[in-house]
Amino acid sequence: MLPLDWVWIVAGLIMQSMVICAMLRGWFRKYPLVFAYLLFSFFSTVVQVSLVYHLGRHSREYIRVYWFTDFVGTFLVLMVIIHWIRIALTGHPNQKAVCGAPIGRGSYRGGQRFPDANLFPPLGAGPLDDGGEPGLVLQRGPAERCSGGYP
């Protein structure tokens, strides 16, 4: 590794530890997934740097750790985004009343059909119409239709 790489790694770890210490003053209760992501990012950086230093970038162990931490980190970022959206929607009247589900062949089930929101269009298909193509139905109803609180 180049000397400048070490400077950026150390600076990044110092800044991550500062944010972690700031979150330990109570913010981790409000944003637990952000805190989990910061901890994971800090420790995965430490592990990856130690593997690169001792075994090199092309070692089998480093490659396995890299892909595992990449997958888990991406999953945690997705969970943080969903968590922030849920916080932003707190108090909105339709927060839990909208559930999306792919359907097929014109089955409306009391919802509203959006034919342009097709999840899996057939190859070579033109614009979707109400000719029975699958689309996305938004069912409005009680919040119990959404399991686990997330639509």
Side-chain angles (χ1 to χ4, degrees), residues 1-104 109-123 125 128 133-151:
M1 293 179 68
L2 298 173
L4 189 58
D5 291 340
W6 288 105
V7 171
W8 293 120
I9 290 169
V10 170
L13 288 174
I14 289 172
M15 287 188 278
Q16 284 179 343
S17 63
M18 290 169 58
V19 174
I20 289 170
C21 289
M23 286 194 77
L24 284 174
R25 295 184 182 138
W27 285 97
F28 70 93
R29 289 185 188 98
K30 187 172 182 180
Y31 303 107
L33 291 173
V34 174
F35 185 67
Y37 175 74
L38 285 170
L39 286 176
F40 178 78
S41 179
F42 180 82
F43 289 118
S44 68
T45 301
V46 169
V47 168
Q48 286 182 16
V49 167
S50 66
L51 285 174
V52 167
Y53 182 74
H54 292 293
L55 302 175
R57 284 191 190 268
H58 302 292
S59 68
R60 178 173 289 158
E61 293 81 9
Y62 171 73
I63 293 171
R64 285 183 182 167
V65 167
Y66 172 82
W67 286 112
F68 175 76
T69 57
D70 183 60
F71 173 77
V72 174
T74 304
F75 178 75
L76 283 173
V77 166
L78 176 67
M79 292 296 105
V80 166
I81 292 169
I82 291 172
H83 180 68
W84 283 346
I85 291 172
R86 299 295 291 176
I87 288 172
L89 289 175
T90 300
H92 192 271
N94 293 330
Q95 176 185 3
K96 294 182 182 175
V98 178
C99 298
I103 62 146
R109 296 187 188 175
Q112 184 179 7
R113 185 150 188 248
F114 294 96
D116 292 334
N118 189 7
L119 297 178
F120 304 103
L123 293 176
L128 296 174
E133 294 291 333
L136 182 68
V137 168
L138 296 180
Q139 296 178 351
R140 297 187 180 272
E144 293 81 37
R145 289 188 186 174
C146 301
S147 61
Y150 288 100

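The residues of the chain are indexed from 1 along the displayed sequence. This one's a predicted model, so the numbers in the text were calculated from it and none came from an experiment.
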Heavy-atom distance under 4.5 Å between the side chains of [X] and [Y], does that happen here?
| X | Y | result |
| --- | --- | --- |
| His83 | Pro32 | yes |
| Trp6 | Tyr53 | yes |
| Leu51 | Gln48 | no |

Pairwise side-chain hydrogen bond (donor to acceptor under 3.5 Å, both in side chains) hits with a residue in residues 18-30, at least two apart: none

Whether Phe71 and Phe75 hold their rings parallel, tilted or perpendicular, with breakpoints at 30° and 60°: parallel

First locate atom [atom1] of [X], then atom [atom2] of [Y], and finally report the distance between them rounded to the nearest 0.5 Å.
| X | Y | atom1 | atom2 | value |
| --- | --- | --- | --- | --- |
| Leu24 | Phe35 | CG | CZ | 4.5 Å |
| Tyr62 | Thr69 | OH | OG1 | 7.5 Å |
| Leu78 | Leu33 | CG | CG | 10.5 Å |
| Ile9 | Ile14 | CD1 | CD1 | 12.0 Å |
| Trp8 | Leu2 | CH2 | CG | 13.0 Å |
| Gln16 | Phe40 | CD | CZ | 11.5 Å |

Which pair of heavy atoms, one from [X] and one from [Y], lies closest together, and at what distance?
| X | Y | result |
| --- | --- | --- |
| Gly73 | Tyr37 | O-CE1, 3.8 Å |
| Ile63 | His58 | CD1-O, 4.1 Å |
| Thr45 | Ser41 | OG1-O, 2.7 Å |

Worked verdict on Trp84 versus Val34 for side-chain contact (heavy atoms from CB on, under 4.5 Å): CA-CA 9 Å; Trp84 283 346; Val34 174; 3.6 Å; yes

